[in-house]
Amino acid sequence: MERALVCTNPKKRKLVISDDDGDIGIRRVSRFKVLLPNGTSVELTVRSAENEMHVGDFVGLVREKYLELKRKCEWMKKKRDINWKGSGLYIEDADNNKITNVIDFKNFMPRKCHILRLNDGSSEVAHIFENMWDLTPDPDLLLELPEEYNFEAAIADLIDNALQAVWFNEKNNRKLVRVNVTDAKISIFDNGSGMDDSDENSLVKWGKMGASIHRLSKSTAIGGKPPYLKPCFGMFGYGGPVASMHLGRRTRVSSKTKHVKKVYVLLLQREALLSRSHSEVTWKTNGGIREPLKDEISNSDGSFTKVDILEPKVKGVDINKLQCHLKDIYFPYIQNDDLSAKGKTITPIEFQINGVDLTEIQGGEVATTNLHSCNGPEFVLQLRLSIKDDHDGTRGFHEANARLRFVYFPFTEGKESIERVLEKLTADGYIIRENFQNFSRVSIRRLGRLLPDARWTFLPFMDFRSKRVNSSRASILKRCSLRVKCFVETDAGFKPTQSKTDLAHHNHFTVALKNLGSKVSDKETAVFVEISTGAKMLTLAQLEKEYQEWVINMHNQYDEEADATAEDNPVIIVSPPNKKALGISKEVARVHQILKRKEKSWTHGQRIKVLKGACPGISNNVYATIEYFLLEGFEGDPGGEARIICRPIDIPDEKGSFLSGNEEDPTLNVGSSLSIPITVIDTEKLVAVGSVEWENRLNKIQQKSPVGSVEWENPLNKIQQKSPACFDTPIPNHYKRQQVGVVDSVSKSCDKRVTGKPSHCPEKYKLLTDDQSPELDVRAGSNFPPLAIACYDIHGNRAPFKTIADVAIQLQAAENLYFKVHGMKIGLSTDNMILKIMDAMVTSNELDKIRPSYRTTLIITSKQIPLSLTFPCRVFPGYPRHVVLKPEIREDQLLPGFIFKELMLEVFDTYRNHVSEGMEVDIVVAGFEMLNHCSTSYKVDDKGKINLTGLLKLTAGYGEIASISVVFQNTSIFQQEFSIAGRSLRIASKVPDFCAAGGQLENIEFEIVNIDGEVDTKIHHDDQNCQFHMLTIKSDFFSAEESIRYTFKHGRCTIPSICVPEIEGTFSFEACHTQYSRLCQDVEVEVIKMSNVKDVTQLPPDMNILPPQELTPLDHEDNLMVSILNNDEKELGKILRLGEKIKQVEECLEVCSKQKDEIEKDMLMLQDDVQHYHLDYVDSGFTYTKEEMTTKIRSMENSAASVLCSLTTDKKQHKIFLEDIIGVVALLGSVQSPELSKILAEYLGQEKMLGVICKSFNTAISLEKYKQNGEIDYVHALHAEAADLGKAISKRFFVMSFDDIRPYNSIDRPHNGSWHDNDSQRKLFLPDPKMPNGRTPVGFMGYAVNMIDLDTHHLQIKTTSGYGLRETVLFSLFKKLHVYKTRENMVDALPCIEEGAVSLDGGIIRENGTLSLGYGNPCICFPCTNKLDISPEAREILTKIEGKKEALLRIEKNIEKVTKHHKKYLQKFKEKEKKYNNLMDTMKTEVFPKYPLVD
């Protein structure tokens, strides 16, 4: 057995511990980082003139440093203690060598920091060490952090590090970069040289900003051969830590070099670093040392680096898109032709993304672009840029090089190749915001890495868009320059932005490259640019000339613009003298009159519209007629132009184009016609025009033309051939005069005015629209733009409307799908020439059936006039108003830290249509965290949804509230709160009732349980996965420093021992979860003072837990007896006091019970007395006037009747709303007695008593509106009125339509109706019922329908047929219901009861032999008029009954209150009794056997 390691040799010279590198003379300086067994670490600098030190002395230095840090750092006090004096103490170096005797400093390089591990022999050994690595950055670097950083940029930054590491592997060694992305982890692995604990290759340099050596190698990557593949991407030195913190909450970096056996681990926690950045000068993070894993060994040659991002922010990553994106970024490193001497395609780096080699990936922008380019020669330029006045001669920072490759994308098969690229990328799921016109035609790579945001439209010498077209060559260049893309490859001389996604905008070299070919400004004179192609130097003028020649050649060889199918025989023209006017450059051309292009035929004489911007010179829409098609070259020749010769609408036929000459030498004269490229068909800038639109355009031109200037045939010229009888009303300002002249030098011109009158015979109607708007756009819930309809007679002249026609509008979305249009207003213009339709609105809930185009057809018809018009229309959903959360969030799944794997927000408009794509809302959360989203704004996708899958994390604690709100335009449209599942802390073990002073509570077990009392086994402490679940014990009897943390294991935590204070009394402590403060439990224990306790030796001061005091058996029994006897008197006194309280409470209960019995007896006697007055059992509390009943209904909750009664009291508002509502059934009238009121209310039931009576069915159904899915819309109709009153209607309610109720009509009295003569109440004529013997039943009082006296204003209400409320509403409710005095009378009358009967003493018989038994106590009844003659004596008795009732109610409340106190005292009494009995049992078992009692 080895000796103890602590050595106290007085002969050894004193050692000096220092943390600086001052003057050390001849002493050796050795630096160490010592990893301690409790998961902490210390840094130690040892200065000694000797080469060796005993391990015990070294450990003593470590201990001093550790205790010094522990006094300063609170978190170190929570760590377990280290056994500094244990026999198993030893030191272990990086190669697993144990040092137990002497440390030889010669084995450790001076001034280099070496990592050692201290082991104290405990089985609890840490693998992760806090503050192992110091990542404190240069403060200036914190100012350079990138402002914008997305997922792709962050993961590319980590791949940059891996790519640079493997690039410098030996020539024949494998170069592997492997990336795996899952929802749980993102991993980047490379088999580069790796990192360890050495200063020159320290793992710290990966995580420390500004420490990377790669950022210093920029100058070595300037110059060389294109494409400049030397991945010295590092510029700022923060790619690793910033990218990892952006991607996830935690990062684990594991790395190994070839000459080190261990794998060094660095751990980053985003929250920890951010919190320390504000509070501490240094950034320190945890780390560790471990053995390499099998797959790490198999995929490396002894060295590697692996970066694991744990708890990623982004979930559900599209792996295929990520693979394509990364292939675009690093394409030259994956597939390259320039590095091979034989021109073969090689793979410099092996890239794997989720197990797939990127060489096998077919998609991506680069691959798609390459696929659609032509195979012709590229135009290649070499640029060398330098800064003038190079004073210091430092080449690296004053030179930059670039290669520009220009690739041609031809027009083939009727479409631009660039358009095919965009369509393919869109089909592959890319979000493409570019089109052919604004396509980025310049892309840039730096050191072979694509800069995705460096997308320029043109370089200046490439741009012909704004140049004047004065020749066919210029026209070709202007059109074909759009088919060129420039691929720029730069070296490290060009500086990127901080996120490495673009070139630095204001850098001199960037500005010079971007302005290549433009005039040089003063700022750019400092940059000298050398341009060369091959071995030839070029000036800017030469560059432009050679580039233009290359474009023309590529156009002639590869464009297929003239590739169209002619369907007639051509006319061949040779060497036309007017090639410039025709728009051609070749000597031979073919003229056709019929041509097929893009599966559509175009013919001579066809009317067309050339849209604005279709080609140069077309600044507005041009209406024209096709005359000829012109194709360059003979049939089958490559390339060539194709043109359309067309005559504008304002050019007469004789001034258009025409063929002249003989058959052998024909010539095409253009005249005033236009020559436009045939590509306008491909770009859909040329459309066919119908006759209606053509005539409308012609009329507009005629109206704008001055008098006498119209040179084409005016419609009025046809009047002589039409029926003149149709004209009766002259309409000036619509018809212009025609100039008539004689072509003679001496003759005079003559103007003749002709006034035309439109015909009375309208032939057609047209919808007047703006030519720029091919279709109408409207949003659900918003008004259409005003619609204008014009009338035309049989000659095509505008005619006035005679009257305002009855017009109907609807929208047809499909064959059997129509949308109704509401609220339109129709009127005429002041001159009656236009029929106006205004304020039309569509409110459909079926727009999802026509998304995403939302195209419909507007149909306008009329029955009065022959009007039938259609027009294309798009109906978009309204703005967001409703949100549905799917799937519904169950509160049982809500636990802190939970991330929703599937969550969608469906956004609807007012009418339950999904809102259109791109609509933006704000999502505000409380108690949740949005992962990977720095903004609250979210856009709706093409399905009307917002996908929050994997983005929402619950941060609220147990038992707290979390909420989600959706806000649109500062208005909340959705809010939902969630209660997080509750958890509680409880004691599982039994805590003794008392404990000896100075003793210990041992093995106290705590559990965390759910609301059902089950232990939550998910609560488990796990340092590795950052799941921290610990229990701390706090008490006023010991300081906070003495508080210890204990870990939970599967929901349970056991505390070995808790020291009990030496003070007699109550000892209390609190057990609390360290993270969730609501999980706490207070514990109290009675402490008993014991005398004659032997002193025990105190333990060392660094021990937190005191051991239990040792007592001899005799001392223990003596002290226990004394304590029990002292405590016995106290406990007995408490029990006696509780007994006195219980006795007082029981006496009070007895008095209250007697009072209750006496009052109930008095009430029975009074009720017997009142029966003598023939009132039977009268409940005066049951008697209500109409005002009192109205107040009672108004105070009810969740009732429509309550809302209506509240509205009737508001005289300022709601009058219009209440006009067609008659009232509530219970308030129609009154009855004569409380018994009758009660029994009729019981018969109808509360639902019918609170029924709402409306005048018409339309009024009834307007009380409630519904959503698309059938749910009630609570923001409209009566529900909206309820909300304004602070009420809610949450139950069904009964509604009756007065006009639609079939009235009672007596067939026995046809002469004067169905009611009694001279009866103001208009009671129905109902003959008394007859028994089989022909007599009226005994006790029959009448029919219920006639026993309700209607209010005066209700008597005046009648239907359109003259029926009142009694023969409609009341008869519908009661039918021929009989009313009897008693049940016996009612039963005896059964033979003549047809439609039910009631009795005043509570009997109810319904139709078809159905009875209602039991007892009912309705709260809503008919008001009682109290018109019965009640004597003063009877009224006095009723008043006494009410008084007794109130007294009885007070006594019952007192009994309830006293009973609660009685129960509480009894429970306490039982607890004290049990405690006292336990005390007695202890005395018998531990004390009395030693001291037997003597009788």
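The structure displayed is predicted, hence computed values, not measured ones. Positions are given from 1, in the same order as the sequence printed here. The analysis underlying the following values was restricted to heavy atoms, covering all of them including side chains, and did not include hydrogens, waters or symmetry mates.
Ile644 has its side chain within reach of Ile681: a pair of non-hydrogen atoms, C-beta onward, lies under 4.5 Å apart. Residues Phe379 and Val551 form no side-chain contact, since every pair of their non-hydrogen atoms from C-beta on lies 4.5 Å or further apart. In this structure, Ser417 and Tyr408 have side chains that are not in contact, with every pair of non-hydrogen atoms separated by 4.5 Å or more. Within the 4.5 Å cutoff, the side chain of Ile573 has heavy atoms near those of the Leu630 side chain. Taking the side chain as every heavy atom from C-beta outward, Tyr792 and Asn699 approach each other to under 4.5 Å. Residues Arg697 and Lys609 form no side-chain contact, since every pair of their non-hydrogen atoms from C-beta on lies 4.5 Å or further apart. At least one side-chain heavy atom of Ile531 sits less than 4.5 Å from a side-chain heavy atom of Leu516.
One finds no salt bridge joining Asp428 and Lys321 here, because no Lys/Arg side-chain nitrogen approaches an Asp/Glu carboxylate oxygen to under 4.0 Å. Note on Arg643 versus Glu632: no salt bridge recorded, every NZ/NE/NH1/NH2 to OD/OE distance being 4.0 Å or above. Checked for salt-bridge contact, Glu695 and Lys766 miss the test: no charged N lies under 4.0 Å from a carboxylate O. The pair Asp463-Arg465 meets the salt-bridge criterion, with a side-chain N (NZ, NE, NH1 or NH2) lying under 4.0 Å from an Asp/Glu carboxylate O. With respect to Arg473 and Glu549, a salt bridge is recorded, a charged nitrogen being found less than 4.0 Å from a carboxylate O.
Listed for the Asn438 side chain is a donor-acceptor partner under 3.5 Å among the backbone atoms of Asn435. Put simply, the side chain of Arg441 gets close to the backbone of Phe439: a donor and an acceptor are under 3.5 Å apart. Between the side chain of Thr667 and the backbone N or O of Gly661, no donor-acceptor pair lies under 3.5 Å. Side chain of Asn556 to backbone of Ile552: a donor-acceptor contact under 3.5 angstrom is found. Remark: side-chain polar atoms of Arg607 are not paired, donor with acceptor, to backbone N or O of Thr625 under 3.5 angstrom. Using a distance-only test at 3.5 Å, with no hydrogens or angles considered, a donor-acceptor pair links the side chain of Thr533 to the main chain of Val380. Of the possible polar contacts, one joining the Asn515 side chain to the Val511 backbone as a donor-acceptor pair under 3.5 Å is found.
Cation-pi contact between Arg420 and Phe411: absent, since separation from the ring centre below 6.0 Å together with deviation from the ring axis within 45° is not met.
Taking every heavy atom of both residues into account, Tyr430 and Gly364 meet most closely at OH-CA, 3.5 Å. Pairing each heavy atom of Val689 with each of Trp694, the nearest pair is CG1-N, 3.8 Å. Heavy-atom minimum distance, Pro570 versus Arg590: CB-CB, 4.0 Å. Of all the heavy atoms in Leu540 and Ser518, the pair that sits closest is CD1-O, 4.5 Å. Of all non-hydrogen atoms in Ser657 and Ser673, the two that sit nearest each other are N-OG, 3.2 Å. Residues Arg445 and Asp328 share a closest heavy-atom pair of NH2-O, 2.7 Å.
Rounded to the nearest 0.5 angstrom, Leu631 CG and Ile572 CD1 are separated by 9.5 Å. Atoms SG and CG, on Cys374 and Asp559 in that order, are 9.0 Å from each other to the nearest 0.5 Å. Put simply, SG on Cys480 and CE on Met554 are 10.5 Å apart, with the number rounded to the nearest 0.5 Å. Put simply, CD1 on Ile618 and CG on Leu611 are 10.0 Å apart, with the number rounded to the nearest 0.5 Å. With rounding to the nearest 0.5 Å, the separation of OG1 in Thr856 from NZ in Lys849 is 14.5 Å. Rounding to the nearest 0.5 Å places CD of Glu365 at 8.0 Å from OG1 of Thr368.
When each of Asp777, Ile809, Leu811, Ile837 is checked for a side-chain contact (heavy atoms from CB on, under 4.5 Å) with Phe784, only Leu811 meets the rule. Exactly one of Ile594, Asp568, Leu595 qualifies for a side-chain contact (heavy atoms from CB on, under 4.5 Å) with Phe629. That residue is Leu595.
Phe406 CZ: more than 12 foreign heavy atoms inside a 6.0 Å radius. Atom CG of Asn569 has 12 or fewer neighbouring heavy atoms from other residues, nucleotides or ligands inside a 6.0 Å radius. For Lys580, the NZ atom sits in a loose shell: 12 or fewer heavy atoms of surrounding residues, nucleotides or ligands are nearer than 6.0 Å.
The aromatic ring centroids of Phe461 and Tyr547 lie less than 6.0 Å from each other.
Classified by interplanar angle (parallel below 30°, tilted 30° to 60°, perpendicular above 60°), the ring pair His604/Tyr628 is tilted.
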| query | Would Asp653 and Arg647 count as a salt bridge (charged side-chain N to carboxylate O under 4.0 Å, His left out) if you check the C-alpha gap in whole Å, the side-chain angles of each, and the deciding distance to 0.1 Å? | reply | CA-CA 8 Å; Asp653 292 345; Arg647 176 174 51 84; 2.6 Å; yes
